[in-house]
**Q** 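Structure provided below as structure tokens; questions to follow.
Ligands are counted one by one from 1 in listed order, and the atoms in each one are counted from 1 as well.
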Amino acid sequence: MHFTAFNSSPGPRKVDSSQVCRDPSTAPLIDYKTAVIMILGSAVLVGGVAATLFAPVSGLPATAPIGHKRDALDDWIAKQEPISYAGILANIGEAGARSYGAGRGLVLASPSTVDPDYYYTWTRDAALTFKALIDRFIVTKDAYLQTHINDFITAQAALQTVSNPSGTFQDGSGLGEAKYKPDGTAFTGDWGRPQRDGPPLRATALIAYGKWLISNGYQDAATNIVWPVVKNDLAYVAQYWNQTGFDLWEEVKGSSFFTTAAQHRALVEGSSFAAAVGSSCPDCDSQAPQILCFFQTYWNGEYIVSNTNVDNGRSGKDVNSILTSVNTFDPQAGCDDVTFQPCSPKALANHKVVTDSFRSIYGVNNGIPEGAAVAVGRYPEDVYYNGNPWYLATLAAAEQLYFALHQYSAQNSLTITSTSLAFWRALDSSAAEGTYDSSSQTYTTLTAALRSYADGYVAVAQKYTPTDGALAEQFERTSGAPLSAKHLTWSYASVLTAVSARNGDVPASWGASNNSLPSTCQSSSVAGSYTAAPTSPTWPDFPCSPAASIAVTFNVQTRTAPGQEIVVVGDVEALGSWNVERALKLEASRYRDADFPLWLGQLQGVQAGSRIEYKYVRREANGDVVWQGGDNGVVEAKVDGCRDAVAVGDRWD
Ligand SMILES: *[C@@H]1O[C@H](CO)[C@@H](O)[C@H](O)[C@H]1NC(C)=O
Ligand SMILES: *[C@@H]1O[C@H](CO)[C@@H](O)[C@H](O)[C@H]1NC(C)=O
């Protein structure tokens, strides 16, 4: 994400750096974890999101050295991975713990409503997040997670048809819209639009799920529910790939390496998915080679220039390219330079140039020698929040290297070319061009150095992650303190994908090696046709054991003054059995202003099927309490298919 206008107009708002650190809340912040832990004594926690979302985390000492304590890193990963997964689910509507206002299946970029306001669903962020969730589902077969995936696809079918400032559904142009309001309606303010990476990334996520459906006996769902959504996204790519748009950071209008890669991948796998559902995609077949041809032109001989067809005065060094390498990884494609595979000489050379560009500019990287991992930002010229490292950028630098290690191991050898030599020399000064068989000492030495280098990036993310595991968007370039949007969905998703890569769980092949590169590139495009996909499909009955316990989230909009706090009290022990002293404290982390005065809190482990009566109570600074008037609120912890969470949204004026 997100978004300063940089040489672009109209575009995202320029952020005034004098404002960005202001606490959004006019009310005191209540530690969410404390609020929940208060009730743990009487609540039974069973599995799922609820149990892990606010699990206490004991942090490592702030002084722990980076990169030397493998056990410490393993311990941190073991804690951070479930927190990250729960952090994603919390941001998914309609019953996620932090998702108030989001429609079913729509994922917020972050619950943050001010400084910055990320209270929207972005097509790109959502697609990348759900690709990570789908890859996880393919391994875990978790029916609760599958319900979210199905909801996501249903929601995207509706979103595709929403007219917006990028255009309409009829000619496909509306699919290039970057973000929508949390309820799935159009966002009509100024923005950097269109953004052409959303549709191909969504197609890639859906195709991964569609292939799983087919190989598990759900051909009809793949054909009748998933394919109609994918088909529109493929048509969009084939029609518009050769036009400029805004990049993934929503700042530069031109051509973006990340976008071009996503477009090529979607059409290649779209073609084989079409065949698998008994259809075809001739426009995929005609356009994919031309996109691949254009893709080659971003390489300048030393590194990838991430933005072209624009003159913005930048170096072009950008973690855009490292994210690209991660997203185009195909375990069947070797170390292919043409599709910029993670272990390709070009991608490794680029990794060094991009990560080195952050060495001297961030205080947190002071004194870290060449060849050791550093904190990574978006691009060195970044001024958003004064320009800082991002968690997802730092973790992507690790993920590319884990994928490379996987490939060396799969092919039982490692090759250093003149292009990748500088990368390897930084890790081992004796590295030389050549191919090293896995039985050789050189192979063992180099792969060990690479693994430790990759772990170093994860350790950097670890060092700047607070002990409760909450991941913001950025960490401050000098102090390392978390900065910008809290609970950024994409930050959490980047933990899942980096950890899978580290564990050797690689995503499925997408057919990267099935490509033909034209000898000359041509401008091209095919006008597509767009047909609404079913917006209330009947998904097959996927088996699940009904939840024994349900998480109930209370959301209430009620205005408060500094010093006041809101609690919820009710007829169950976990809500104090009507005793205000033992009520559930709500938190004001999403309290924006008088027009969005949200207090929220989650009660976990509610017995499925139970019915709770409750009231909100305001506690004054002097300890006096004011009860909400009127009838008691009622919430039922209903079992509804494979769902284990419910939420209420109330107002108390
Ligand atoms: C369109 O494709 C041609 C041929 O590859 C390329 O030169 C041109 O830069 C492309 N333009 C955009 C905006 O993609
Ligand atoms: C390879 O690509 C061609 C055309 O692009 C397609 O017809 C074929 O099915 C693909 N093969 C595989 C194995 O994906």
**Q** If we only count N/O pairs under 3.5 Å, is T244 in contact with ligand 1?
**A** no
**Q** Would you verify that at least one protein heavy atom lies under 4.0 Å from atom 11 (N) of ligand 1, or report that none does?
**A** yes
**Q** Give a yes/no verdict on a cation-pi contact between K352 and F423, requiring under 6.0 Å between NZ or CZ and the six-membered ring centre and an angle within 45° of the axis.
**A** no
**Q** Tell me whether K131 at atom NZ has more than 12 heavy atoms from other residues, nucleotides or ligands lying less than 6.0 Å away.
**A** yes
**Q** Side-chain donor-acceptor pair under 3.5 Å between T123 and E177, yes or no?
**A** no
**Q** Is there a heavy atom of S255 sitting under 4.0 angstrom from any atom of ligand 1?
**A** yes
**Q** Which of the atoms of ligand 1 are close to S523, meaning less than 4.0 Å from one of its heavy atoms?
**A** 1 (C), 2 (O), 3 (C), 4 (C)
**Q** For the pair K346 and D337, find out whether any cationic side-chain nitrogen is under 4.0 Å from an anionic carboxylate oxygen.
**A** no
**Q** To the nearest 0.1 Å, how far is atom 13 (C) of ligand 1 from its closest protein heavy atom, and which atom is that?
**A** N242 O, 3.3 Å
**Q** Polar contacts were defined as any N/O atom of the residue lying under 3.5 Å from an N/O atom of the ligand; does this apply to Q290 and ligand 1?
**A** no
**Q** Where's the contact between N309 and ligand 1, heavy-atom distance under 4.0 Å: side chain, backbone, both or neither?
**A** side chain
**Q** Output yes when a side-chain donor or acceptor of W490 lies under 3.5 Å from a complementary backbone atom of A109, and no otherwise.
**A** no
**Q** So, N320 and S256: side-chain donor and acceptor under 3.5 Å apart, yes or no?
**A** yes
**Q** Would you mind checking which non-hydrogen protein atom is closest to atom 5 (O) of ligand 1, with the distance to 0.1 Å?
**A** C521 CB, 3.4 Å
